[in-house]
2 protein chains.
Amino acid sequence: MNYNSLLKSYNLKVTQPRIKILQLIDQRGHIAIDDIYNEISQIYEKLSLATVYKNILTMRNIGLIIEIPIVGKKPKYELTKNSHLHFICKECGAIEDKEIIDNLKDIFKTIALKDQFIISSLQNNIYGVCLKCQ
Amino acid sequence: MNYNSLLKSYNLKVTQPRIKILQLIDQRGHIAIDDIYNEISQIYEKLSLATVYKNILTMRNIGLIIEIPIVGKKPKYELTKNSHLHFICKECGAIEDKEIIDNLKDIFKTIALKDQFIISSLQNNIYGVCLKCQ
DNA sequence: GTCCATGCAAACGATTTGCATGCGT
DNA sequence: ACGCATGCAAATCGTTTGCATGGAC
């Protein structure tokens with residue numbers, strides 16, 4: 001993925017912190033703010049935690065990334081992509097993406113229609129224990 | 001609902017703060033910690049915010065209540081009941097419960113089975129705009 | 001050269017902790 | 001009477017803010 005042009009397409013200036021943040025979120029799939037800071041700091045020492053926070057906020061507001069709130073833990077972030085569901089392991093915290101069946105979306109739409117509720121986004125998290133941690 | 005015996009059934013001592021916290025969560029359906037503290041304080045002035053935090057934590061750990069993390073906002077709490085989905089209004093923050101179709105659970109179970117992922121709980125939040133706020 | 005992004009440190013808000021006292025059992 | 005629950009204040013943690021400097025365009 002070309003993070004450079006991704007940033008430009010959202011009218012954001014291309015800076016080192018931004019490229020590295022995007023790259024890391026993309027590589028990891030799902031990552032918390034602390035981990036972004038810690039990992040990038042190793043190769044780019046002058047990075048400030050405040051910069052990570054500011055950029056995460058900016059990217060979230062414009063829809064470049066999505067926040068995944070997690071019960072009892074700090075939120076993680078992922079690049080915006082088609083709706084999907086998350087398997088969240090209570091043990092190791094790992095998150096795995098699963099495709100969402102069209103069927104599923106239709107079920108939600110039908111319920112929403114009855115209530116005249118206008119859906120803007122879905123958040124389907126399934127908590128449990130992953131294979132590794134069993 | 002008899003909060004008194006509900007507490008006893010979870011081996012918790014019956015105290016004024018606990019009864020009032022449970023009652024309020026039950027009445028409101030979904031409520032944030034601040035609001036619990038503010039509302040109860042009006043009729044029970046000596047309540048401490050720390051007590052609310054401690055009890056919410058205790059009740060969450062033993063499964064009496066459930067935490068609903070919400071994107072960009074403080075989490076809300078509800079009494080534990082059968083799995084259901086939440087319509088969360090981005091405007092007013094209101095949460096509405098919707099029955100979850102058995103069908104839906106089966107879909108998740110099927111996906112989980114393939115991955116050998118052991119499901120412990122579902123979190124289905126649908127964000128959007130409720131009828132009132134349109 | 002202009003304006004926005006960064007880095008730092010201070011400020012802030014939410015949550016947790018320690019400890020003496022009170023209350024449920 | 002014992003032990004857990006409470007209330008208070010201090011401590012801690014996560015996040016935001018203000019401001020001077022640097023870098024992207």
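All values below come from the heavy atoms of this structure, side chains included, with hydrogens, waters and symmetry mates left out.
Remark: C1' of dT6(D) and CE of Met59(B) are 13 Å apart, rounded to the nearest angstrom. In this structure, Lys46(B) atom NZ and dC8(D) atom C1' are separated by 13 Å, rounded to whole Å. Rounded to whole Å, atom C1' of dT15(D) lies 14 Å from atom CG of Asn61(A). One interatomic measurement links the two molecules: NZ of Lys8(B) to P of dT25(C), which rounds to 6 Å at whole-angstrom precision. Between the CD atom of Glu45(B) and the P atom of dT6(D) there is a distance of 17 Å, rounded to whole Å. Separating the CD1 atom of Ile19(A) from the C1' atom of dA5(C) is a distance of 13 Å, rounded to the nearest angstrom. Taking atom CD of Gln16(A) as the reference point, atom C1' of dC4(C) lies 16 Å away to the nearest angstrom. At whole-Å resolution of the value, CG in Leu7(B) and P in dG24(C) are 13 Å apart.
For the pair Tyr44(A) and dG7(C), the criterion of a side-chain N or O lying under 4.0 Å from OP1 or OP2 is met. The phosphate of dC8(D) has neither OP1 nor OP2 within less than 4.0 Å of any side-chain N or O from Ser48(B). Listed pair Asn11(B) / dC4(D) fails the phosphate criterion, with no side-chain N or O lying under 4.0 Å from OP1 or OP2.
Across all strands, Tyr37(B) comes closer than 4.0 Å to no nucleic acid atom at all (heavy-atom distances). Nucleic acid contact for Leu57(A): none, since no nucleic acid atom lies under 4.0 Å from a heavy atom of the residue. Within 4.0 Å (heavy atoms only), Leu47(A) reaches sugar-phosphate atoms of the nucleic acid but no base atom. Residue Thr15(B) is classed as a sugar-phosphate contact, given heavy-atom separations below 4.0 Å to backbone atoms only.
Distance CZ/Arg18(B) to CD1/Ile56(B): 11.5 Å, rounded to 0.5 Å.
Using a 4.5 Å cut-off on side-chain heavy atoms (C-beta onward), Asp97(B) and Leu85(B) make no contact. With a 4.5 Å cut-off on side-chain heavy atoms, Gln123(B) and Pro69(B) count as touching.
A salt bridge does not link Asp35(A) to Lys76(A): none of the charged side-chain nitrogens sits closer than 4.0 Å to a carboxylate oxygen. Using a 4.0 Å cut-off between a side-chain N of Lys or Arg and a carboxylate O of Asp or Glu, Lys20(A) and Glu39(A) do not qualify as a salt bridge.
Nearest-nucleotide assignment on DNA chain C puts the 5′-proximal partner with Arg18(A), out of Ala50(A) and Arg18(A). Positionally, the nearest nucleotide of DNA chain D for Leu12(B) lies more toward the 5' end than for the other of Val14(A) and Leu12(B).
A donor-acceptor contact under 3.5 Å is formed by the side chain of Lys54(A) with the base of dG7(C).
In the set dC25(D), dT16(D), dG7(D), dC25(D) carries the atom at the smallest distance from any side-chain atom of Lys13(A). When distances run from any side-chain atom of Tyr53(B) to the nucleotides dT16(C), dT6(C), dC8(C), the shortest one goes to dT16(C).
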